[in-house]
Structure formats: C-alpha cells, structure tokens
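Side chains included, hydrogens not; waters and symmetry mates left out as well; all remaining heavy atoms used. Letters go in sequence order (proteins before strands), and every chain restarts at 1.
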4 protein chains.
Amino acid sequence: MPRLSDQQREARREQILTAALHCVARQGFHKTSMAEVISASGLSAGAVYGYFRGKAELIAALADRSIGMVSPALDEAIAADPPPSIPEVLRRAAAAIEELAAAADVDVTRVATAAWAEAARDETVRALVAERITGLREKYAEFLRRRRDLGELEADVDVDAAAQVMLATMPGFIIQRLVVGDVDSESLARGAHGLGLR
Amino acid sequence: MPRLSDQQREARREQILTAALHCVARQGFHKTSMAEVISASGLSAGAVYGYFRGKAELIAALADRSIGMVSPALDEAIAADPPPSIPEVLRRAAAAIEELAAAADVDVTRVATAAWAEAARDETVRALVAERITGLREKYAEFLRRRRDLGELEADVDVDAAAQVMLATMPGFIIQRLVVGDVDSESLARGAHGLGLR
Amino acid sequence: MPRLSDQQREARREQILTAALHCVARQGFHKTSMAEVISASGLSAGAVYGYFRGKAELIAALADRSIGMVSPALDEAIAADPPPSIPEVLRRAAAAIEELAAAADVDVTRVATAAWAEAARDETVRALVAERITGLREKYAEFLRRRRDLGELEADVDVDAAAQVMLATMPGFIIQRLVVGDVDSESLARGAHGLGLR
Amino acid sequence: MPRLSDQQREARREQILTAALHCVARQGFHKTSMAEVISASGLSAGAVYGYFRGKAELIAALADRSIGMVSPALDEAIAADPPPSIPEVLRRAAAAIEELAAAADVDVTRVATAAWAEAARDETVRALVAERITGLREKYAEFLRRRRDLGELEADVDVDAAAQVMLATMPGFIIQRLVVGDVDSESLARGAHGLGLR
DNA sequence: AATGAATGAGACTTCATTCAT
DNA sequence: AATGAATGAAGTCTCATTCAT
C-alpha cells in the first residue's frame, strides 16, 4: 500500500474514535477492552495501534473529544443577538446536550462522565479536560459581558466567577439526566427562572 | 471459631471501606485492584470476600458512601433559621465539600467523580446514586419552600425544578475544583450573586 | 491454603526453574515463551508469576544457575592433592562438563551459551555472570598457587592471568562441543599437552 | 522497473547487514525486531524482504559474518614468518579481537556471542558457525605444524587437538572481556606464558 | 522493484475469585 | 472464621510478514 494521505489517515483515526466512543458510552473507559474497540472499528489490532500508541492515548483522545463536542453547541446558544436571558441560555445549552445525547446512537454525555472521572486520576487527561473547561467558561464569560454591557447585570459583576457558576450547572444536569432521568432543558430553565435568574 | 459480634463485623467492614476509599480516590474504581484493597485493609483476601461478595458490591458500597458523605454537611447549611440567601447556601455547601475533600487524607470528591461515571454504566450503582441525589434534592427543595414561604421566592415557583438547578451546581463545582483548580466556595457564592441570585 | 514453608516455596521455585531449564536448553531464552515454561512446570500462570516477577527475573535466575552448575564439578577437579597437571585439570573440568551435559535430559551447556549472550545485553545478567566467572577463576588461581608453591610453575607467575587463560578454554570447549561436535575431554587434554602444558 | 545490477544489489545487502549488526550488537538477535532493522537500514520493509527471506535468514547471515570477521585478523597473526611463540599468537589474535570490538561503533564480539547461542538452537546457524570454526582451527593447525617442523613442538604432537585448545581460548577471552572486563591481549599472553606455553 | 499500511497470531502479564488447610 | 496460594481467563500490546498500489 502506498503512503496514506493525511486525509485518509484522519479518516481512519475517526473510524477508530467513533467505534471507541460507542464502546465507552456503554461500558466506560476501563471496562472497554481494546479488543472490543478493535473489533468495533473493523480494523486489526496492529492497525489500531498504528493510530494510537496505546489505550491511554485513546482514552485521552476520547475524553478530549467527548467534552469538546459540547463546545460548538454552546457557541450557537450564546452567540444569539441580543443575548438571551440566563435561563434561556441554560435552556439552550441543556437542549444542545439533549440533542447530542440522542444523536447517532452514541450518548456522548456518558463518555463525558467517564472523562471527568479520568481527569481526576490521569494528569494528561486532566490537562486536556481543564483546557476544554476553560474554553467553555470563556464563552459564558463573553456572554455575560455582553449582558452586563446591556445593563442587565450589575456593572461590577465578577464575570469569571459567574461563568464558573453557569458552567457548573452542566455536569450536574448531565448526571441527573443520566442517573435520575427526571430533568430536561425545560425543567432546568424553569428552575433557573424560579431561583430568580433573569 | 466463635461468631463475630455485629459490632466487630461492622468495624471490619468499615476498615475495608476506608482502605478502599483511599485506593479509589487515587486510582478510580477500575484501576484499583482487589489485591490493593486487601493489602491496604490489612486483612486477607478471604476475609475481604467475607464482607463483600465481590468487587461490584464493594464499588457499589463506595459509590453510595462517597455521595452519601455530602448529605450531613448539606443538612447543616440548609437547616439554619432563618434560611440563608441562595448564594450563601451554595457557599456553605461548597465549603462543606472543600472540608470533606481536605479531610483525613482521602479526597472523597474524587471517589464521587468515579461514582457518577459508574452510575452511568451499572444499574445497581445507578439506583443507589439516584436515591442519594433524590435525597439531596429534597433537602434543597425543603430549603426553597421555606424561602418561598417567607416571600423571598415567587409563590408559584417550581420548587423541585429549582432544587435540581441548585444541586446541579455541585458536580460542576467539584469537577472544576479538581480539574482546573481555580474555584472555591467564595468564587461560587460571588458568581451566584453576580448572576442575580439572592 | 495456609502459608507455605520456606522449604515448600523453594521446592516450587525449583520446579519452575527445572521446567524452564528444559525449555531454554532447547530453544534459548527468547524463543522460550512463558506459556511453555508455565505448561512445563505444571503450575498456573499466576503461580509462576508468584515466584518470579517476570520473564527477566526468570532468565536471570536461569543464567545464574546454568553457569553456577559448573562450579561444584570444578571444585573436585581442582581439590585433588597433590594438584594434578594442567592438562589433567583441564581434562577433569571438561569431563565434568560432559557429564553435566549428558545428565538429567537437560543439557545445561546450551543454557550457559544463552547466558553468555544474555550477559552481553542485560546488565543484571551481566553482573550475575561476572560474579560466577570471577568465582570460578578464583578456584583456578588457587590451584595454580598450589602448583607454583610446589615449584611446578615459575615463582613469579601471574597467577590471575594464568587463571584467566585456563578458564578461557571452557567456553570454547563447550561451543566446539555443541557446534562442531568433535572435541571431548580427552582431545582437550591431549591438545593442552601437545602445546607444552605440564 | 529496471533490474538492479548485481553490484547495487550487493551494496543494498551490505547496507541491511550493517544496520542489523548495529541493532544486534546492542540487543541480541531476538530482542532486535525487523522493524528496527528496517528503520536502521533506511529501506522499506518490502525492500528488506527482497534481500532476506525472513528474520531467520538475516540472523544466519549475521551469525556467519560476525564469526567470519575474526578470520582475516587471525590470518595475519599466524602468517608471520618465522611463526611466533604460542603466547605471542594468542596475544595477536586477542589484539585483533580488541581492535574489531572497538571498530566502527559496532562491537562484533557481542554479535559473535549471540551467534554461538543461536548455533546451539538452530541447525542452519549451527552448520555455518561450525564451518567457520573449522576454518579457523585449520589456520591454527597450520601454524602449529610450522612450529612443529621447526622443532618447537614435539614431533608426534596431535596438531588438531592442539588447535582446538588454542581456538578454545578465544570465546572465553571474548566473554571475560565483555562480562568481567578485566582481561586484555596482554594479560592473555602473560597468562599463557605463565602456564608454561612457549 | 519498491512501498509501508495492514494483518493477526501470540507474547507477557494481571487480577478477581476460590478453596484446601 | 480466616488464610493466602493458586487458578486461568482475559487484557494489552508487539512484530514478522504480506500485498495492494
């Protein structure tokens, strides 16, 4: 076989990541065996190891991706002009997550859950997830600045702390959704409104 | 040999759980081997298996306990009379978590993180964690009812949805704390206040 | 099972080493798989790994032992009083090696051959083999000192250098024996005599 | 594509063998992977397999070469006229080995060591090494005949047995040199002299 | 002729669990 | 009740070799 183009290589990598995402969504990182990923990817063991040095590297890529997938969805919710109310943004973010969870027969939120746990014990994953979280928070901060500049938040608001709080709701939303199953984007928005957020 | 008293049995169980908590806080559920737990507990393999049917049962007990440990801390925060402001309750809850995390050379929040992930893939754990979450939410709901009755929330507020939102902040707080490391109870309260919560 | 006595442990270790010696004599260290050793030993994989941390440790033990097995045989040859002639000692040493090679359906000289090669690439094995070689050389030196004191060697002979030379003949004897097959203890002694050694 | 000239083919073969020699000197035959040889040779996998049927053939070629490299060095030592004393010939042979070991950033003596071990377990390699050994011994025999004819050895000396002994010292010299590190051509000659060789 | 990605058997090792003592 | 040695299935990864291009 001649040398693969970068594009072809990327496609194969994608193929493996997608297959792995399926497995991990069902069983978590450490109950998913490489054999399962290999079989699901349709490639051979050797081929998979040609794209990922080992399970750790694959886990890191999946952790990064699972959390990264939320980002574009959030962008949309936040970019709207004029900036929606806080409950509305939370609703949109949650709705994006719901959509993500329902999409393509893989529930990425399950993988995200595994990613948080992995971040707590693996420095490489921690750094990747930290980067993602920081990125997401910056989006919320940007949104809040726009609301503040419109006079809908106090002028001296600590935008970064407020962004931390807004982002903080998402893991809890995801967990309650997966584990208890009685929350959705509407209830989240209603609850936020009920607490007095505007 | 003489049957152990219930009290002795309970002490042994505790000994095992404490040892396991140490291991899991460092390595997560699935990177912690039974051999490690056995060695850390100071008991023999056979003894440990006399108290827990297998690793799954041990994991379930640890997941339950790790999340359960937050509950008493929250009680205090919420029970105060008159009911504190929402940012203040969040601050107290977060402070309780900080204390828990710092205590006794085991950071239970790391175990909680593993518990959420496990809940997403194991029905038994899911049920236990769901129960815990529901219990915690009920505490928040109770708190919110008292605030409502004092006229500090609108009369028709959906208390359960609002409790979902309050609880939802905790996992996000824990994760940001472990992974990014730049949040604390003060920033959480400040952010909540900045968003307009009272 | 209750704790094994040191003696029982030692017996098991021996059982594994003996099985491994068989395999290695036929296939060398690196073509012998742990599965083969495990199967030949009659134990389970886990049991074998309870006695040796890994293949490297097993190899080191085998290398050490294979070279160590020559030592007692040499002792006898050298201890004789009055000290035999040099060709005679070489003959006896070679005869001891022949006996060793024929014994117990394992040809240890094949393992020794593998041990020399391994010593050239693994520091741990190198150190062990170096120790063994030094020990053997000291025996030859002792023998030579006795000959010298009897006036059968010049008074100012460099005993250690001479011992190096005597020992040096053994690997070459073993290799020619295994590879060409036309040398034996008699031809070695005859050759030594022919070269003028007395 | 145009057929390569024999000369080009030979150059490529050489390139591969040289690269492989490097790898094997460091890691032995079986810890050297084809991938390493391929990468070190600068060719592609397919190309390498165009010159050697497989790893076994490559090993055989390396074994043959590593032992063969001693031969020309020995020739010189032996050809001198009048024939030097036995200690002197041993010194020259050992000095030739020292030079070989120091040359060109590959220590061939390490490969020779691997070759002996391989000869003990692979019939093809055994035959090749046997041939080499026989050839070397014949050179020693020739040398001894000349010494005998000069009256410096007894007339009825078993020249072949004596050649076996002379050759036998070389592996032991190489091993002690690599493993213990305290022998050199001078100590070898001194020791031989001390034992009474002339 | 050459390339190098892909193959897949098999290597080493771990580990949850059992059970003879 | 307790012990801890033993089990053996299963996990991760490597590597000699092939063959489509």
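The side-chain heavy atoms of B:R26 and B:K31, taken from C-beta on, include no pair separated by under 4.5 Å.
Rounded to an integer number of Å, the gap from OH of B:Y51 to P of E:dT17 is 18 Å. Between the C1' atom of E:dT14 and the CZ atom of C:F52 lies a distance of 18 Å, rounded to the nearest Å. One interatomic measurement links the two molecules: CG of C:L58 to P of E:dT13, which rounds to 10 Å at whole-angstrom precision. Atom CD1 in C:I16 sits roughly 10 Å away from atom P in F:dT7 (whole-Å rounding). The separation between A:L4 atom CG and E:dT7 atom P is 11 Å, rounded to whole Å. Following rounding to the nearest Å, C:E57 (CD) and E:dC12 (P) show an atom-to-atom distance of 15 Å.
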For nucleotides 12-15 of chain F, list the nitrogen or oxygen atoms of the protein found under 3.5 Å from its nitrogen or oxygen atoms, one pair per line.
| unit_1 | atom_1 | unit_2 | atom_2 | d |
| --- | --- | --- | --- | --- |
| F:dT12 | OP1 | A:K55 | NZ | 2.7 |
| F:dT12 | OP2 | A:M34 | N | 2.7 |
| F:dC13 | OP2 | A:Y49 | OH | 2.8 |
| F:dC13 | OP2 | A:K55 | N | 2.9 |

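No more than 12 heavy atoms of other residues, nucleotides or ligands sit less than 6.0 Å from atom CG of A:D6.
In this structure, C:R12 has no salt bridge (Lys or Arg N to Asp or Glu O under 4.0 Å) partners at least two apart in sequence or on a different chain. Among residues two or more places apart in sequence or in another chain, the side-chain contact (heavy atoms from CB on, under 4.5 Å) test is passed with A:Q7 by A:S5. Every residue two or more places apart in sequence or in another chain was checked for a side-chain contact (heavy atoms from CB on, under 4.5 Å) with A:E131, and none qualifies. Here A:S39 pairs with nothing under the side-chain contact (heavy atoms from CB on, under 4.5 Å) rule; sequence neighbours left out. With sequence neighbours left out, the side-chain contact (heavy atoms from CB on, under 4.5 Å) criterion links D:D64 to D:L128, D:R132.
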Identify each donor-acceptor pair in which a side-chain atom of residues 43-61 of chain C lies under 3.5 Å from a protein atom, sequence neighbours left out, and give them as a table.
| unit_1 | atom_1 | unit_2 | atom_2 | d |
| --- | --- | --- | --- | --- |
| C:S44 | OG | C:A47 | N | 3.2 |
| C:K55 | NZ | C:F29 | O | 3.4 |
| C:K55 | NZ | C:T32 | O | 2.7 |

Please tabulate, one pair per line, all N/O donor-acceptor pairs under 3.5 Å involving side-chain atoms of residues 109-116 of chain B, not counting sequence neighbours.
| unit_1 | atom_1 | unit_2 | atom_2 | d |
| --- | --- | --- | --- | --- |
| B:T109 | OG1 | B:D107 | OD1 | 2.5 |
| B:T109 | OG1 | B:D107 | OD2 | 3.4 |
| B:R110 | NH1 | A:A120 | O | 2.4 |

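Secondary structure note: stems in DNA chain E built from 3 or more consecutive Watson-Crick or G-U wobble pairs under 3.5 Å occupy E:2-21 with F:2-21.
Both B:L43 and C:R12 sit near DNA chain F, but only B:L43 has its closest nucleotide nearer the 5' end.
For the P atoms, the distance linking E:dA1 with F:dT21 amounts to 22 Å, nearest Å.
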